[in-house]
Amino acid sequence: MFTPEQRDRTRARLLAHAEADDSITGFACTGSLATGTGDRWSDTDIVMGVRGDAGVADAVNRWTAWIYDEFGTRHHWDLPVRGASVIRLFLLPGWVELDITFTPEEEFGPRGPQWRTVFGRDQPVEAFTPPDADTLAGLIWHHALHARNCLVRGRAWQAERWISALRDHVITLACLRLGLPTADTKGAHLLPEEVTAPLESTLVRFLTEPELRRALTATITVATTELDHSDPELAARLRPMFTELT
């Protein structure tokens, strides 16, 4: 595994290359390392402003070739994103992860609190919107129903998948209610014990019908409790229906 020193040297080389590239108009660090909350295992998240919409594709291609040559990169892939921006993730030797967003210069700016501009001028951009509580509630009942249907069909792996996804949405809803980070359950470790302790019983230990049914019942119980806090009226409407699934 990489050391913090290796990660910092990689980031310094990226910055030097950006400063020498006339097409790059801005460079910012994002994620935990931008706010001083990172640790020994934090990856490197960077946003770079690129001159003109048409320049983004060219910059992505040139930088990808350079990163492969410079660091001996093993793989890369793109996160889906709307608009002209490209978010490309690179895997370097030693498990160094680079997440680089290439964005038009007029869209270079903070969309959340985890942002530190190194050079360039920030533009006023729309902030990322938090997940919608009503959508999360919908995903909870949807996943509970599909988990139960997979159980009765004898599809153990699918049932486990729906139960695990249901748990993730319960965690996200709790994080949203308590003002904690919601993306990728990053606020889960900050949840109080009264929320996290019951979640342990939702883990699937074996792919047997009785065990999957037990885990589904436990997850529905936890989900109903969270809905009681987040939307008591909806929880009251759904509770009798959830009972039919257990």
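Remember, it's a predicted structure, so these values are computed and weren't measured experimentally.
Between Phe71 and Trp66, the ring-plane angle classifies as perpendicular under the 30° and 60° cut-offs.
Two residues are said to be in side-chain contact when any heavy atoms from C-beta on lie closer than 4.5 Å; Leu98 and Leu89 fail this criterion. With contacts defined as side-chain heavy-atom distances shorter than 4.5 Å, the pair Asp122/Pro110 qualifies. Side-chain contact between Thr10 and Thr44 is absent, with no heavy atoms from C-beta onward closer than 4.5 Å. The shortest distance between side-chain heavy atoms of Gln123 and Glu107 does not fall below 4.5 Å.
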From CA spacing to verdict: side-chain contact (heavy atoms from CB on, under 4.5 Å), Val204, Ile163 = CA-CA 8 Å; Val204 176; Ile163 292 169; 4.2 Å; yes

Taking it one step at a time, do Trp63 and Phe90 satisfy ring-ring contact (aromatic ring centres under 6.0 Å, His included)?
-> CA-CA 11 Å; Trp63 273 76; Phe90 298 89; 9.2 Å; no

Kindly indicate, with the supporting measurements, whether the criterion side-chain contact (heavy atoms from CB on, under 4.5 Å) is fulfilled by Glu97 and Leu91.
-> CA-CA 5 Å; Glu97 178 187 343; Leu91 175 62; 5.6 Å; no

For Arg62 and Asp21, run salt bridge (Lys or Arg N to Asp or Glu O under 4.0 Å): C-alpha distance rounded to whole Å, both residues' side-chain angles, the deciding distance at 0.1 Å, then the answer.
-> CA-CA 10 Å; Arg62 287 189 296 100; Asp21 188 336; 3.1 Å; yes

Give the intermediate values and the outcome of side-chain contact (heavy atoms from CB on, under 4.5 Å) for residues Ile46 and Thr30.
-> CA-CA 6 Å; Ile46 291 169; Thr30 63; over 6 Å; no

I would like to know whether Thr35 and Arg116 meet side-chain contact (heavy atoms from CB on, under 4.5 Å); could you show each step before the answer?
-> CA-CA 7 Å; Thr35 56; Arg116 178 171 60 84; over 6 Å; no

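Of the possible donor and acceptor atoms, none in the side chain of Thr25 sits under 3.5 Å from a partner among the backbone N and O of Glu105. One N or O on the side chain of Glu211 and one on the backbone of Arg205 form a donor-acceptor pair closer than 3.5 Å. Looking at Gln6, its side chain does come within 3.5 Å of a backbone N or O of Thr3 through a donor-acceptor pair. Although no hydrogens or angles enter the test, the distance criterion places no donor-acceptor pair under 3.5 Å between the side chain of Arg177 and the main chain of Ala133. The closest donor-acceptor contact from the side chain of Ser42 to the backbone of Asp39 lies under 3.5 Å.
A continuous path of ILVMFWY side-chain contacts below 4.5 Å connects Trp77 to Ile87, so both sit in one hydrophobic cluster. Residues Val125 and Val50 do not share a hydrophobic cluster, defined by chaining ILVMFWY side chains whose heavy atoms lie under 4.5 Å apart. Hydrophobic clustering (side-chain heavy atoms under 4.5 Å, transitive across Ile, Leu, Val, Met, Phe, Trp, Tyr) keeps Val47 apart from Val118. Leu33 and Leu15 are members of different hydrophobic clusters when ILVMFWY side chains are connected at heavy-atom separations under 4.5 Å. Leu190 and Val195 fall within the same hydrophobic cluster, where Ile, Leu, Val, Met, Phe, Trp and Tyr residues are linked whenever their side-chain heavy atoms come under 4.5 Å apart, directly or through other members.
Within 6.0 Å of the CZ atom in Phe206, the count of heavy atoms belonging to other residues, nucleotides or ligands does not exceed 12. Heavy atoms of other residues, nucleotides or ligands lying less than 6.0 angstrom from CZ of Arg121 number 12 at most. For Glu194, the CD atom counts as densely surrounded, since its 6.0 Å shell holds more than 12 non-hydrogen atoms of other residues, nucleotides or ligands.
For Arg7 and Asp43, the salt-bridge test fails: no basic side-chain N is under 4.0 Å from an acidic carboxylate O. One finds no salt bridge joining Glu126 and Arg111 here, because no Lys/Arg side-chain nitrogen approaches an Asp/Glu carboxylate oxygen to under 4.0 Å. With respect to the salt-bridge test (charged N to carboxylate O, under 4.0 angstrom), the residues Asp228 and Arg239 qualify. A salt bridge between Arg237 and Glu233 is present, with a side-chain N of the basic residue lying under 4.0 Å from a carboxylate O of the acidic one.
For the ring pair (Phe, Tyr, Trp, His ring centres under 6.0 Å) condition, the pairs that include at least one residue of residues 146-188, sequence neighbours left out, are His142-His146, His142-Trp162, His143-Trp162, His143-His169, His146-Trp162.
Rounded to the nearest 0.5 angstrom, Leu14 CG and Ile100 CD1 are separated by 5.0 Å. Taken from CG in Leu245 to CG in Leu238, the straight-line distance is 10.0 Å, to the nearest 0.5 Å. Rounding to the nearest 0.5 Å places CG of Asn149 at 4.5 Å from CG of Leu145. Put simply, CD1 on Ile67 and CG on Leu92 are 7.5 Å apart, with the number rounded to the nearest 0.5 Å. Put simply, CZ on Arg11 and CG on Asp45 are 10.0 Å apart, with the number rounded to the nearest 0.5 Å. To the nearest 0.5 Å, atoms OG1 (Thr219) and CG (Leu199) are separated by 8.0 Å.
Listed here is the closest heavy atom pair of Leu227 and Ala137: CD2-CB, 3.9 Å. In terms of heavy atoms, Gly187 sits closest to Cys175 at C-SG, 3.6 Å. Shortest non-hydrogen contact noted between Trp115 and Gly112 is CB-O, 4.0 Å. Shortest non-hydrogen contact noted between Arg214 and Leu203 is NH2-O, 3.0 Å. Considering every non-hydrogen atom in both Ser85 and Thr101, the closest pair reads CB-CG2, 4.4 Å. Annotation for Pro130 and Leu176: closest pair CB-CD1, 4.1 Å, computed over non-hydrogen atoms.
Of the N and O atoms on the side chains of Ser164 and Glu160, at least one donor lies less than 3.5 Å from an acceptor on the other residue. Side-chain atoms of Thr246 and Arg148 form no donor-acceptor pair, as typed in the model, at a separation below 3.5 Å.
With Phe2 as the aromatic partner, Arg9 does not meet the cation-pi criteria of under 6.0 angstrom to the ring centre and within 45 degrees of the ring axis.
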